[in-house]
Amino acid sequence: MVVGPKTRGFICTTAHPAGCAANVARQIEYVREQPRFEGVKKALIIGCSTGYGLSTRIAAAFGAGASTLGVAFERPASRTRTATAGWYNTAAFESFAGRDGLYAKTVMGDAFSDAVKEQIIDLIRSDLGKVDLVVYSLAAPRRAVGDVTYNSVLKPVGQPFTSKSLDVAKMEVDTVTIEPATQEEIDGTVKVMGGEDWRWWIDALREADVLAKDATTIAYSYIGPELTYPVYHDGTVGLAKRDLAEAAKAIDAELRAGGGHAYVSVNKALVTQASAAIPVVPLYISILFKIMKEQGTHEGCMEQMYRLLARKLYVPAPELDAEGFLRMDDWELAPAIQEKVNAAWQAISNENLKTYADLEGYRREFYQLFGFEVDEVDYTADVEIGVDIPSIG
Ligand code: NAD
C-alpha cells in the first residue's frame, strides 16, 4: 500500500512503517554517538511506544545495554488500515535491539489494568528476575477502574482562560477561550494523569518481589512558562501532576530503606501526540523552538532522555530542585530564553507568524511523529503495512 498522512484535527490517523522505523533508527544512532553510561540493567518502561517513553527505552537499551520490557496501548494494522505509529516504533525498536543482542519484549494492553500488571510481573519473573528501573510515561485520555471510566481533560480551574493559540489544522493564530473544568472533570483528570496508578504499579511489583531492592522509578511532568499556567500548571493536568509529585514522595519513602528512589523529572515541552492536543501549547512550542534553535540549545525527546539518564540520573548525586524534582526543562526555562519567548508572544499575529514562530518546524515534527516527512523515506513506494512486533508476532 502507498501510505500518506490523513489528519483529523490534531491527530493523524495513518502512520508510515518505514518512516517510523527511520525515526527510531535515527534516535538509536544519536545514542550510539554519545558516551555510554552505566547504572540501568533491567528496565520496565510503562508508555514505551512514542514520545518520552520510547526515547527513555532507547537511551537505556542503546546507551547502557539494558534489557527492556515495555507496556503500550497501540493498534496493529488491519487489511486496509495502517497500525498506529507506536506499533511501528515498537516493532522497529525490538528489531534493532534484537540485532544488537539486547533483550526487549513489549506488552500491548491497558497499563491501568490488573491483567497487564500481572502479565508484566510474569514476564519479569520468567525472563529478568527483577527490574532496577521503572519509568512511568503514560499520557492517556482515560482510565477504567472496575466499572468506572475516568476521563482526562485539559482545562483551566476556577475561571475561563482566553489566550492566543495555534490552529494546528490551519496553521493560523487564533484566540481560544477555554471554560473551566467541573469538579468531576478535575477529579477524573487526577485519576487518569495523577500518581495513583504509578503507586499501584510499584506496590504490585514489590509484592511480587520483582523490583530490585535499590530500584529507581521515575515519572514525567511538565511545568512550563507562566503564559501557559492557566491551562496547564494551574489547570486540571497541573493538579494531576501535583498528585504525581505526592506519589513520588510516598514511593520514595518506601524505597529508600533499600537504597532505592522515586523521582519526578520535569521535561521540556516537545511535539508529541499528547502535547499537540493541548490548547495554547503548540503556539508556545513553535515560538520556543525557533528561539532555542537560534540559541543552539534545542533538544528533542531523544536528546532530553539521554541527558536525563546519562547526566542527571545515573550520576553519583542526582541534582534536585527545591521541590525534589529533576529539571530537564532547565534550558527551556532559562531567563534569557523566556524573555525572548514573552516578547514574541506579545508581538505574534497572523501577519508576522513566520518571523516569530517555527511553524514549518512544528508541522514537520508533527508529521514525523507518524513517520511522514522523513528525508530518507520514499513515500511513493508500496509498503507492507502489516508489521509484526518480534515479541508479539
Ligand atoms: P505520548 O503520547 O507520546 O506517549 C504516551 C505513551 O503512553 C504511549 O506509549 C502510549 O501507547 C501509552 N499509553 C497511553 N495510554 C495507555 C494505556 N491505557 N495503557 C498503556 N499504555 C498507554 O506522550 P508523551 O508526550 O511522551 O508523554 C509522556 C509523559 O511525559 C506524560 O506524563 C507527559 O505529561 C510528560 N511530559 C510531556 C511533555 C511534552 O511536551 N510532550 C513535556 C513534559 C512532560
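We count ligands from 1, going down the list as the structure has it; atoms in each ligand are counted the same way.
Heavy-atom neighbours of E38 CD from other residues, nucleotides or ligands within 6.0 Å: at or below the threshold of 12. The 12-atom threshold is not exceeded at CD of Q159, counting heavy atoms of other residues, nucleotides or ligands nearer than 6.0 Å. Within a 6.0 Å radius of NZ in K41, no more than 12 heavy atoms belonging to other residues, nucleotides or ligands are found. Counting heavy-atom neighbours within 6.0 Å of R142 CZ, excluding the residue itself, gives a total of 12 or less.
The shortest heavy-atom distance from R142 to ligand 1 is not under 4.0 Å.
For the pair A111 and ligand 1, the shortest N or O to N or O distance falls below 3.5 Å. Geometrically, ligand 1 and A140 share no nitrogen or oxygen pair separated by less than 3.5 Å. Note: no N/O pair closer than 3.5 Å links A269 and ligand 1 by distance alone.
At the shortest separation from atom 29 (C) of ligand 1 among protein heavy atoms lies S137 OG, 3.6 Å. Closest to atom 42 (C) of ligand 1 among all protein heavy atoms lies K268 O, 3.2 Å. Counting protein heavy atoms only, atom 30 (O) of ligand 1 is closest to Y220 CB, 3.4 Å. Residue, atom and distance of the protein heavy atom nearest to atom 31 (C) of ligand 1 are L138 O, 3.4 Å. For atom 26 (O) of ligand 1, the nearest protein heavy atom (residue, atom name, distance) is Y52 N, 2.8 Å. In terms of protein heavy atoms, atom 1 (P) of ligand 1 is closest to T50 OG1, 3.4 Å. Protein heavy atom in closest approach to atom 12 (C) of ligand 1: G47 CA, 3.8 Å. The nearest heavy-atom contact from the protein to atom 5 (C) of ligand 1 is A139 N, 3.6 Å.
Taking hydrophobic clusters as Ile, Leu, Val, Met, Phe, Trp and Tyr residues chained together by side-chain heavy-atom distances below 4.5 Å, I45 does not share a cluster with F73. The hydrophobic cluster containing Y220 does not contain V192, counting ILVMFWY residues as joined when their side-chain heavy atoms lie under 4.5 angstrom apart, directly or transitively.
Of all atoms in ligand 1, numbered sequentially from 1 with element shown, those under 4.0 Å from a heavy atom of F73 are 11 (O), 16 (C), 17 (C), 19 (N), 20 (C), 21 (N), 22 (C). For ligand 1, the atoms closer than 4.0 angstrom to any heavy atom of G51 are 3 (O), 26 (O). Near D110, meaning under 4.0 Å from one of its heavy atoms, ligand 1 places the atoms 17 (C), 18 (N), 19 (N). Listed by number with element, the atoms of ligand 1 under 4.0 Å from a non-hydrogen atom of L270 are 39 (C), 40 (O), 41 (N). Atoms of ligand 1 found under 4.0 Å from any heavy atom of S49 (numbered from 1 in listed order, with element): 8 (C), 9 (O), 10 (C), 11 (O). In the vicinity of E74, heavy-atom distances shorter than 4.0 Å reach the ligand 1 atoms 10 (C), 11 (O). Within the listing of ligand 1, atoms 19 (N), 20 (C) sit less than 4.0 angstrom from a heavy atom of G109. Residue contact check: K241 has heavy atoms under 4.0 Å from atoms 31 (C), 32 (O), 33 (C), 34 (O) of ligand 1.
Of the heavy atoms in T272, only side-chain atoms (C-beta onward) come closer than 4.0 Å to ligand 1. Residue contacts with ligand 1, taken as heavy atom pairs separated by less than 4.0 Å, involve C48 solely via the backbone atoms N, CA, C and O. Contact annotation for S221 and ligand 1: only backbone heavy atoms (N, CA, C, O) come within less than 4.0 Å of the ligand.
A donor-acceptor distance shorter than 3.5 angstrom exists from the side chain of E94 to the backbone of T106, with no hydrogens or angles considered.
Taking the six-membered ring where the residue is Trp, Y229 and H233 present tilted rings, their angle falling between 30° and 60°. Between F37 and Y306, the two ring planes are perpendicular [angle over 60°; tilted spans 30° to 60°]. In this pair, Y379 and F372 present their aromatic rings tilted. The plane angle is within the 30 to 60° band.
Across V280 and W345, no two heavy atoms sit closer than the pair CG1-CH2, 3.5 Å.
By the side-chain contact (heavy atoms from CB on, under 4.5 Å) test, D388 pairs with no residue at all, sequence neighbours left out. Under the rule for a side chain to side chain donor-acceptor pair (under 3.5 Å), S286 has no partner lying at least two apart in sequence or in another chain.
In this structure, a donor-acceptor pair under 3.5 Å is absent between the side chains of E74 and T90.
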